[in-house]
There are 2 protein chains.
Amino acid sequence: MPSEPQAATPYAVGDTAGPPAQRYGHRPTMKDVAARAGVGLKTVSRVVNGEPGVTADTAERVQTAITALGFRRNDSARILRKGRTASVGLVLEDIADPFYSSLSRAIEEVSRLHGSLLFTGSSDEDPEREEQLALAFCARRVDGLVIVPAAGADHRYLEPEIRAGIATVFIDRPPLGLDADTVLTANAAGARAGTAHLISQGHRRIAFLGDSPDIHTAAERARGYREAMAEAGLPVHDSWVAMGPTAPERVEAALAAALSGPHAATALFCGNNRVTVAAVRQLRALDRQVALVGFDDLEFADLLSPGLTVVAQDPAGIGRTAAQLLFARLDGHTGPGRRIELPARLVMRGSGEIPPA
Amino acid sequence: MPSEPQAATPYAVGDTAGPPAQRYGHRPTMKDVAARAGVGLKTVSRVVNGEPGVTADTAERVQTAITALGFRRNDSARILRKGRTASVGLVLEDIADPFYSSLSRAIEEVSRLHGSLLFTGSSDEDPEREEQLALAFCARRVDGLVIVPAAGADHRYLEPEIRAGIATVFIDRPPLGLDADTVLTANAAGARAGTAHLISQGHRRIAFLGDSPDIHTAAERARGYREAMAEAGLPVHDSWVAMGPTAPERVEAALAAALSGPHAATALFCGNNRVTVAAVRQLRALDRQVALVGFDDLEFADLLSPGLTVVAQDPAGIGRTAAQLLFARLDGHTGPGRRIELPARLVMRGSGEIPPA
DNA sequence: TATGGACTGGACAACGTTGTCAGAGATGAG
DNA sequence: CTCATCTCTGACAACGTTGTCCAGTCCATA
């Protein structure tokens, strides 16, 4: 079984001793192709790139040599020479999260249309790792960056990069200390709509369980919740609001607190999909039917009983929009950062329509 | 709004006219740093790479110049010189599919420990796109490739690449026409176990709904199903087996066929998660309680009623194992391709334990 | 036959980095 | 004081590609 060494410095080219390029069992270069075809180096380049100025006859000789040697153009060298890398870096929280993987896919699609490849890295909500990843991408001279900011990250570290021309778009959460293109969901409005929906079903005591308030989306959703409550003239009891890490045990504790005591809530607004999943599991375990609206849609939401009422985001839309902003900059657009908010959509499936007990 | 041009050639560096490197608002190079610090070029290189042989005093002058100019080493050039790129390419079917995104995350983690960055691309089950992506990664001189073969792809196109030293690992499905490291789930065994479980619950007429038989995993799972049936001495009626595209409408039709007529099946084995989701939805719509076992676990499987019995794969394990094989090769391991099969696990949650009607 | 133009092919420098090697000072021994 | 040794530094070539530019060839025309 392979071993598992610690990386000295993550994201740095490993320091192999000895002469360079040794580990490749010799890669033929254009020079080799030229020698074999009996033509000049530049002629090979022309053939490879489909440039005009080569006789059909010569071109064919070159082609033959290329396939015979198994030549493949070295894009590293090409990149070095041309200055554009046709690649984009994507830093997000966790590619295994369906929300981010949908988003990633949308970015990939748009990138493909523009001929770009995609580097992806997960920050795990760690600002240091976000920075390492983003800067490693910059060192590779990606043309652009798409970043889901980690909680608490200060993005001024990107200033030299952006000045140097790396197009940068932030998604899901705004950057800190920087003006840049940003694509967000209308988190507060969505949460307000979700909460208002519960109120319209007759609920007066509604709990909010969300992620840490230093995560922008979590804070915004909490704000929307409070606004909706205030708008309806409803008080918010301390025991109803829990914000912090979303590990299932934490959610269970928060849920137990919210649903007990003299001020027991009759409905639940869950700040993200992890909370929703944990809460639904816990309610199932407790065998309690409590009204619930979650932020973020889930694949099986319609198959639960009752179906899960959610405030759905549009991850693919966010990704697509972000990528479009990015490539617009790469195509020459300049100007101050644009901020686009995509609406969230209330999807009623039953759990949010349970009346107060 | 940004425009959406068609890419001339996907994954090729865009042809910008004019002198190269123009779009960067000048990136300082080591030469610039050297000039500013009043030292030689190589000294800057030494400082940047932490090589010995530089006085603390000189090093500090260089550091100052670096931060003043916002210098960042150009890894493209470094790569060109050193020959190793510290990057890995991952080609899979669809990064938005939770199975593949978990897998991707695991590969990313191992890569990070080895100091490598990850290129990701989705083939959408199109062999041509798979090849385009893989070769584009090779042109960037990734050190290694991890590939989920698209249905019907012939992988001999990779021979020159592998000969040239690009470590290659196939996952989820074996390569065609090539000997290489491969990490698979024990698909047939898993499907056999799942089917046998239904049989042990008293079912005699069990349907199999799966993906196209030219997808290796689908074929293997079908084989496992047939083996289990044969082992129990049970016939397999034609109307029970449907293999093909997994769009919901197709699944609905197949399911209707399997559950009707004189040979109506009493239980269902679903060949992958997309089929399972479609089938569960359809059964719900028809309001029928039919025994069901699915291949692949689903996030909410325990929250359905009844809970979903599945044959669970271990995507993270597959990804981790594949990445370990890959880096073992990069660390010098040679020899013929290794083939590792990871077991699938039967998880009983209720839907597979419904008795025959 | 000479001349011009169109076309083809190749020599050369450059992209930004790193490996090699040799030079410049400083230090110590004889 | 000289020579050897050691430490630090920098000049230079090379990685594989592409842009520039010039030289040669071929044909048609004056």
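This structure is a prediction, so every number in the text was calculated from the model and none was measured. Quick note on labels: first sequence line is chain A, next is B, and so on, each numbered from 1.
Between the CZ atom of Arg81(A) and the C1' atom of dA13(C) there is a distance of 8 Å, rounded to whole Å. Between Asp57(B) atom CG and dT9(D) atom C1' the separation is 13 Å, expressed in whole Å. Between the C1' atom of dC15(D) and the CZ atom of Arg140(B) lies a distance of 18 Å, rounded to the nearest Å. A straight line from CG of Leu80(B) to P of dC15(D) spans 9 Å, rounded to a whole angstrom. Taking atom CZ of residue Arg46(A) and atom C1' of nucleotide dC21(D), one finds them 11 Å apart after rounding to whole Å. The distance from atom CG of Asn74(A) to atom C1' of dA14(D) is 14 Å, rounded to the nearest whole Å. The interatomic distance linking Glu51(B) (CD) with dT20(C) (C1') rounds to 12 Å, in whole Å. Between Lys82(A) atom NZ and dG16(D) atom C1' there is a gap of 14 Å when expressed in whole angstrom units.
Under a 4.0 Å N-O distance rule, the pair Arg112(A)/Glu108(A) does not qualify as a salt bridge.
One finds a side-chain N or O of Asn49(A) lying less than 4.0 angstrom from the OP1 or OP2 phosphate oxygen of dT18(D). An OP1 or OP2 oxygen of dG9(C) is reached within less than 4.0 angstrom by no side-chain nitrogen or oxygen of Thr43(A).
Contact annotation for Thr55(A): backbone-only contact, meaning every heavy-atom pair under 4.0 Å involves sugar-phosphate atoms and none involves a base. In this structure, Val54(A) reaches the sugar-phosphate backbone alone: every heavy-atom distance under 4.0 Å involves primed, P, OP1 or OP2 atoms, never a base. When heavy atoms are screened at a 4.0 angstrom cut-off, Thr58(B) is found touching the sugar-phosphate backbone but no base atom.
Between the side chain of Lys31(B) and the base of dG16(C), no donor-acceptor pair of N or O atoms lies under 3.5 Å.
Residues Glu130(B) and His155(B) bring a donor and an acceptor atom of their side chains to less than 3.5 Å of each other. Side-chain N/O atoms of Ser101(A) and Ser104(A) include no donor and acceptor closer than 3.5 Å. For the residue pair Arg140(B)/Asn74(A), the side-chain donor-acceptor check at 3.5 Å is not satisfied.
Along DNA chain D, the nucleotide nearest Ser45(A) and the nucleotide nearest Gly40(B) are compared for position; the residue whose nucleotide lies closer to the 5' end is Gly40(B).
Across dT17(D), dT18(C), dA11(C), the shortest atom-to-atom separation from the side chain of Leu41(B) is found for dT18(C). Of the candidates dG16(D), dT18(C), dG16(C), dG16(D) carries the atom nearest the Thr29(A) side chain, counting heavy atoms from C-beta on.
Distance check: Asp75(B) CG to Leu80(A) CG gives 11.5 Å after rounding to the nearest 0.5 Å.
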